[in-house]
Amino acid sequence: MPEGHTIHRLARLHRRALRGRTVRVTSPQGRFAGGAALLDGRISTGVDAYGKHLFYRWSDGPTLHVHLGLYGKFRGYGEAAPLPTAGTRLAMATDDATLHLAGPTACELLDPGEERRLRTRLGPDPLGRRPDPAAFLANLARRTLPIGAALLDQRVVAGIGNVYRSELLFLCRIHPDRPARSLTDTEASRLWAATVAQLRAGERAGRIVTVDPADVGRVRAWALPADQRVYVYKRAGLPCRRCGTTVVSWELAARTISACPTCQPAP
DNA sequence: TACATATGATCAT
DNA sequence: TGATCCTATGTAA
């Protein structure tokens, strides 16, 4: 479930598990054997996240960069120590915790220059240490592509994925097809504010929950089944939770986007 | 058992 | 725009 909220949550958990400890690093699958051997036995100095990227730092030696991509998954922390499977690209273990990584898009070592290049091509991170709404507004003002496509472009804003783009535009009553630069400053500012608020809530809950409890008649909305925790994502053909209009979906930026035709007036 | 699908991103064309 | 990387899960058969 890797949008930005998941990545920041993992950074927090992994920091707690690893920082200050000697870490045994292996690659049961073998594809990261060289990197694992280089890191094995070093002391973790911390873990941090930017957008959907994770950075693991060590008392000395290169930084480990992980990007989960569509399939990548971490297992182990806070659960029973997992058995290494054939697909485990990376295993990190202390005396108290074991983390297994499978299926990542990126699991590699970066020198400082490579990390700098990576970070400079990313837009502002709503969950970053110094959130930068002005940069977000400027990035939108410069683009003619639809806002629904712009939100998936990590150079515009780092950390939003396919679920949040549909949900954020619904919450802000903005039609996905509107050109990014057609948003007023007020709309763009509210979109940024909603992004920060929603990703923070998602990080805290450990899952994407965008519905207002009042709209679903349940105070603990996070406890609802997945398809009831959102307004429009994957709800095409079902009634809008706010107005009852049938939710529609279409392809935008090679992914499926959903929207309510009434709550989000077409341009 | 097989298949469709998935919260991502890059590269070639 | 389409192919590709790669793993897990839910549903159909």
Side-chain angles (χ1 to χ4, degrees), chain A residues 1-11 27-33 35 49-55 65-76 79 82-91 99-108 110 114-115 117-123 125-127 145-146 148-171 176 195 198-211 222 224-237 249-259:
Chain A
M1 315 158 202
E3 295 194 31
H5 68 298
T6 302
I7 304 307
H8 281 265
R9 183 182 176 87
L10 286 173
S27 177
Q29 176 206 42
R31 276 186 56 180
F32 189 60
Y50 193 94
K52 299 172 186 170
H53 299 261
L54 284 162
F55 302 96
H65 168 232
V66 171
H67 190 296
L68 294 180
L70 189 52
Y71 313 122
K73 202 157 279 182
F74 269 105
R75 299 178 183 289
E79 312 165 14
L83 296 172
T85 63
T88 302
R89 180 89 54 93
L90 168 74
L99 302 169
H100 284 179
L101 169 66
T105 285
C107 175
E108 61 188 358
L110 296 184
E114 291 170 318
E115 180 177 345
R117 275 192 293 283
L118 170 61
R119 295 178 86 112
T120 53
R121 69 165 196 253
L122 295 172
D125 181 353
L127 295 178
L145 85 173
L151 291 186
L152 282 190
D153 185 338
Q154 303 297 301
R155 295 169 298 189
V156 172
V157 51
I160 294 178
N162 203 31
V163 179
Y164 275 123
R165 78 158 165 170
S166 283
E167 294 299 307
L168 290 166
L169 291 174
F170 174 86
L171 290 169
T195 302
Q198 291 298 326
L199 292 198
R200 276 187 189 156
E203 182 186 355
R204 182 177 306 229
R207 51 183 57 177
I208 297 175
V209 186
T210 59
V211 289
W222 54 266
L224 291 164
D227 60 332
Q228 295 176 39
R229 301 196 290 256
V230 295
Y231 282 106
V232 290
Y233 176 73
K234 265 190 167 178
R235 295 196 71 243
S249 71
W250 66 97
E251 290 282 308
L252 181 57
R255 317 287 299 280
T256 304
I257 193 162
S258 307

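Protein chains get the first letters and strands the later ones, always in sequence-line order, with residue 1 at the start of each. None of the values given here were measured: they were computed from a predicted structure.
The neighbour count for R200(A) CZ, taken as heavy atoms of other residues, nucleotides or ligands under 6.0 Å away, does not exceed 12.
When Watson-Crick and G-U wobble pairs are counted only if both distances are under 3.5 Å, dT13(B) pairs with no nucleotide at all. Pairing of dC3(B), defined by two Watson-Crick or G-U wobble distances under 3.5 Å, is identified with dG10(C).
With rounding to whole Å, L101(A) atom CG is found 10 Å from dA8(C) atom P. Rounded to a whole Å, the CZ atom of F74(A) is 16 Å from the C1' atom of dG8(B). Summarising the geometry, the separation between CG on L152(A) and P on dA9(B) is reported as 8 Å, rounded to the nearest angstrom. As rounded to whole Å, 15 Å separates atom P of dT7(B) from atom CG of L151(A). Atom C1' of nucleotide dT9(C) and atom CG of D227(A) are separated by 15 Å, given to the nearest angstrom. A straight line from OH of Y50(A) to P of dA9(B) spans 14 Å, rounded to a whole angstrom. Between L70(A) atom CG and dT9(C) atom C1' there is a gap of 12 Å when expressed in whole angstrom units. Spacing between atom CG of D153(A) and atom C1' of dA9(B) amounts to 11 Å, rounded to whole angstrom units.
Distance from the side chain of R255(A) is smallest for dT7(B) among the nucleotides dT9(C), dT7(B), dA9(B). Looking at the side chain of R75(A), the nearest of the listed nucleotides dA9(B), dT7(B), dA8(C) is dA8(C).
Within the 3.5 Å criterion, the main-chain N or O of T256(A) finds a donor-acceptor partner in the side chain of N162(A). E203(A) places no side-chain N or O within 3.5 Å of a backbone atom of T6(A) that could act as its donor or acceptor partner.
Between the P atoms of dA8(C) and dT10(B), the separation comes to 23 Å (whole Å). For the C1' atoms, the distance linking dT7(B) with dT1(C) amounts to 22 Å, nearest Å.
The side chain of H67(A) places an N or O atom within less than 4.0 Å of a non-bridging phosphate oxygen (OP1 or OP2) of dA9(B). OP1 or OP2 of dT7(B) has at least one side-chain nitrogen or oxygen of Y233(A) nearer than 4.0 Å. An OP1 or OP2 oxygen of dC5(C) is reached within less than 4.0 angstrom by no side-chain nitrogen or oxygen of R89(A). The side chain of Q154(A) contributes no N or O atom lying less than 4.0 Å from OP1 or OP2 of dG8(B). OP1 or OP2 of dT7(C) has not a single side-chain nitrogen or oxygen of K73(A) nearer than 4.0 Å.
A side-chain donor-acceptor contact under 3.5 Å links E108(A) and H65(A).
Heavy atoms of R31(A) sit under 4.0 angstrom from primed sugar atoms or phosphate atoms, though from no base atom. Residue-level contact check: R165(A) touches neither bases nor backbone, having no heavy atom under 4.0 Å from any strand. If you check every strand for non-hydrogen atoms under 4.0 Å, I208(A) touches a base. Residue contacts for Q29(A): at a heavy-atom cut-off of 4.0 Å it reaches the sugar-phosphate backbone alone, with no base atom in range.
Ring orientation note: the planes of H5(A) and Y164(A) are nearly perpendicular, at an angle over 60° on the 30°/60° scale.
Here Y50(A) contributes atom OH and L118(A) contributes atom CG; the two are 10.0 Å apart, rounded to the nearest 0.5 Å.
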